[in-house]
Amino acid sequence: MATGHTDPQRRERILAATLDLIADEGVAGVSHRKIAARAGVPLGSMTYHFAGMDELLREAFGRFADHVVTVFDAHLAAPDGPEQAREAVTDLVHALSEGTRRDLVLTQELYTLAARRPAYRELTDAWMHRSRVHLEKHFDPDTARQLDALVEGLILHRALSRHPHDRALTAEAVTRITTPSRLSR
């Protein structure tokens, strides 16, 4: 850790420590003192870098959302055609549901914060929009919106179940949402 006035990574350490603390103790367990201790910075750094807890939480959760969108991009940037896109979405569900406990907890903490404090919904709205932009590269906007909700639900169910469903069920659900229905005559 750098000493004195020059510590270019201090702000980044504060943001990382905030997310780590939220993952461990929830938003309710976060305080300037706890974050400063975890980041290894003087307590005064908190108010130097952030006007208050709301600004810190917004930026930290914004960084986390960027991370998740990067995962979406990694899975959905390359597919060529609907079949490859369906397979990529299935891979995405399994990658995120089998990912770190930290990411699962942070996602749910952000959703809970947005449910309790509407001002945070701009973060969740932006996140959902960015996810749908990736899905809309392969599917029409209505299908992308439905698929985005399905992905969230499948990830949560797989991550929290003691007996998570298999890849075949995920692939079937994705196919059902993304295959245009033919009206019977």
Side-chain angles (χ1 to χ4, degrees), residues 1-77 92-137 141 144-145 147-160:
M1 175 170 68
T3 59
H5 296 292
T6 306
D7 185 359
Q9 297 304 312
R10 186 172 289 180
R11 193 171 205 286
E12 295 304 315
R13 285 199 320 273
I14 292 169
L15 290 167
T18 300
L19 291 171
D20 289 343
L21 188 61
I22 292 168
D24 289 345
E25 298 185 25
V27 171
V30 178
S31 71
H32 285 284
R33 189 172 305 282
K34 287 180 181 180
I35 294 168
R38 187 169 284 215
V41 302
L43 185 57
S45 293
M46 301 301 295
T47 55
Y48 176 79
H49 289 286
F50 301 95
M53 189 58 73
D54 276 340
E55 181 182 336
L56 176 57
L57 289 174
R58 283 179 199 280
E59 189 161 340
F61 275 127
R63 297 277 173 98
F64 174 68
D66 290 344
H67 158 71
V68 175
V69 171
T70 299
V71 175
F72 262 73
D73 189 41
H75 282 83
L76 298 173
L92 174 67
V93 167
H94 286 259
L96 290 174
S97 64
E98 295 165 3
T100 68
R101 175 192 164 281
R102 178 183 186 268
D103 285 0
L104 175 68
V105 170
L106 288 172
T107 299
Q108 297 314 306
E109 286 288 334
L110 174 56
Y111 287 162
T112 300
L113 186 62
R116 288 187 177 150
R117 297 175 60 190
Y120 284 85
R121 289 188 190 153
E122 68 188 48
L123 286 172
T124 56
D125 283 346
W127 179 354
M128 288 184 280
H129 173 75
R130 291 168 66 191
S131 298
R132 285 192 306 269
V133 164
H134 286 294
L135 294 169
E136 287 174 7
K137 293 175 187 172
R145 182 177 290 271
L147 186 56
D148 191 32
L150 176 71
V151 165
E152 293 284 338
L154 290 173
I155 291 168
L156 187 60
H157 280 243
R158 286 199 84 252
L160 297 179

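Below, all heavy atoms of this structure are taken into account, side chains as well, without hydrogens, waters or symmetry copies.
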Below 4.5 Å, heavy atoms only, C-beta onward: do Pro42 and Arg10 meet side chain to side chain?
yes

Quick one: closest heavy-atom pair of Ser97 and Arg158, and the distance?
OG-NH1, 2.6 Å

Taking the side chain as C-beta and beyond, is there a heavy-atom pair between Leu15 and His49 under 4.5 Å?
no

Looking only at heavy atoms, what is the nearest atom pair of Ala159 and Leu104, with distance?
CB-CD2, 3.7 Å

Please check if the side chain of Arg132 supplies one atom and the backbone of Arg145 the other of a donor-acceptor pair under 3.5 Å.
no

Atom pair CD (Glu55) and CD (Glu59), whose distance is rounded to the nearest 0.5 Å
7.0 Å

Sub-3.5 Å donor-acceptor pair from the side chain of Lys137 to the main-chain atoms of Leu76, do we have one?
no

Taken to the nearest 0.5 Å, the spacing of Thr18 OG1 from Arg13 CZ works out to 12.0 Å

Please round to the nearest 0.5 Å and tell me the distance separating atom CD of Glu122 and atom OG1 of Thr124.
9.0 Å

Please say which of Ile22, Leu56, Leu19, Asp24 ends up in a side chain to side chain contact (heavy atoms under 4.5 Å, CB included) with Val30.
Ile22

Indicate yes or no: at least one non-hydrogen side-chain atom of Asp20 is less than 4.5 angstrom from one of Arg102.
yes

Between Trp127 and Phe72, does the ring centroid distance fall short of 6.0 Å?
no

Any side-chain heavy atom of Glu152 within less than 4.5 Å of one from Leu150?
no

Steps toward side chain to side chain contact (heavy atoms under 4.5 Å, CB included) verdict (His67, Leu106)
CA-CA 11 Å; His67 158 71; Leu106 288 172; over 6 Å; no

How far does CD1 of Ile35 sit from CZ of Phe50, to the nearest 0.5 angstrom?
8.5 Å

pair Phe61-Val27: side-chain heavy atoms closer than 4.5 Å
yes

Please check if the number of heavy atoms outside His157 that lie under 6.0 Å from its NE2 is greater than 12.
no

For Val71, is there any backbone N or O sitting under 3.5 Å from a side-chain donor or acceptor partner on His75?
yes

Run Asp66 and Arg130 through side chain to side chain contact (heavy atoms under 4.5 Å, CB included) and show every step you take.
CA-CA 9 Å; Asp66 290 344; Arg130 291 168 66 191; 2.6 Å; yes

Non-hydrogen side-chain atoms of Asp125 and Met128 separated by less than 4.5 Å:
yes

Thr107 and Glu109: CA distance, side-chain angles, deciding distance, side chain to side chain contact (heavy atoms under 4.5 Å, CB included) verdict
CA-CA 6 Å; Thr107 299; Glu109 286 288 334; over 6 Å; no

Roughly how far apart are Glu136 CD and Leu147 CG, rounded to 0.5 Å?
11.0 Å

Rounded distance (nearest 0.5 Å) linking atom CG of Leu43 with atom NE2 of His32:
8.0 Å

